[in-house]
Amino acid sequence: MPAGLSEEIVMMGGYGAGMGVGWVFMGLFWVLLIAAIVWLVVALARSGHRANDGMPVPAPPTGFGPTPAPSPLELLDRRLAAGEIDLATYQQVRAVLGESGNR
């Protein structure tokens, strides 16, 4: 070795310091990636439960052509069954419909 030069240990072409802060960024990347995947799965699962937004699901068509509209009493019965109205309201509206002749 020439005089006056100190001995250096050179690893990997001068990159012997390793990744340093790179490990932190790589760990942060994986944490964010996993969090994004979990968020996406939860968001998709929730959107499946809100497909009808609380509205009654219409009955499937039984044949070809337009389906007849339900009568006011059928609509009232459906609303009571779905829990949209209470029994007192149901009885009041049913009495009014009975007086008006809507069947």
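As a basis for the values below, the full set of heavy atoms in this structure was taken, side chains included, without hydrogen atoms, waters or symmetry mates. No experiment lies behind these values; they were computed from the predicted model shown.
The hydrophobic cluster containing Leu28, built from Ile/Leu/Val/Met/Phe/Trp/Tyr side-chain heavy atoms closer than 4.5 Å, also comprises Leu32.
Arg79 is linked by a side chain to side chain contact (heavy atoms under 4.5 Å, CB included) to Glu84, Ile85, counting only residues two or more places apart in sequence or in another chain. The side chain to side chain contact (heavy atoms under 4.5 Å, CB included) test applied to Glu74 returns Pro70, Ser71, not counting sequence neighbours.
The two residues Asp77 and Arg94 make their nearest non-hydrogen contact at OD1-NH1, 3.9 Å.
Ile34 and Phe29 are not part of a single hydrophobic cluster, where members link through side-chain heavy atoms under 4.5 Å apart. Linking ILVMFWY residues whenever their side-chain heavy atoms come closer than 4.5 Å, directly or via other members, places Trp30 and Trp23 in the same cluster. The same ILVMFWY cluster, assembled from side-chain heavy atoms under 4.5 Å apart, contains both Met26 and Ile37.
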From CA spacing to verdict: side-chain contact (heavy atoms from CB on, under 4.5 Å), Asp86, Thr89: CA-CA 6 Å; Asp86 61 353; Thr89 305; 2.5 Å; yes

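Atoms CZ and CG, from Arg78 and Leu73 in turn, are 12.0 Å apart once rounded to the nearest 0.5 Å. Separation of atoms CG (Leu44) and CG (Leu40) is listed at 4.5 Å; rounding is to 0.5 Å.
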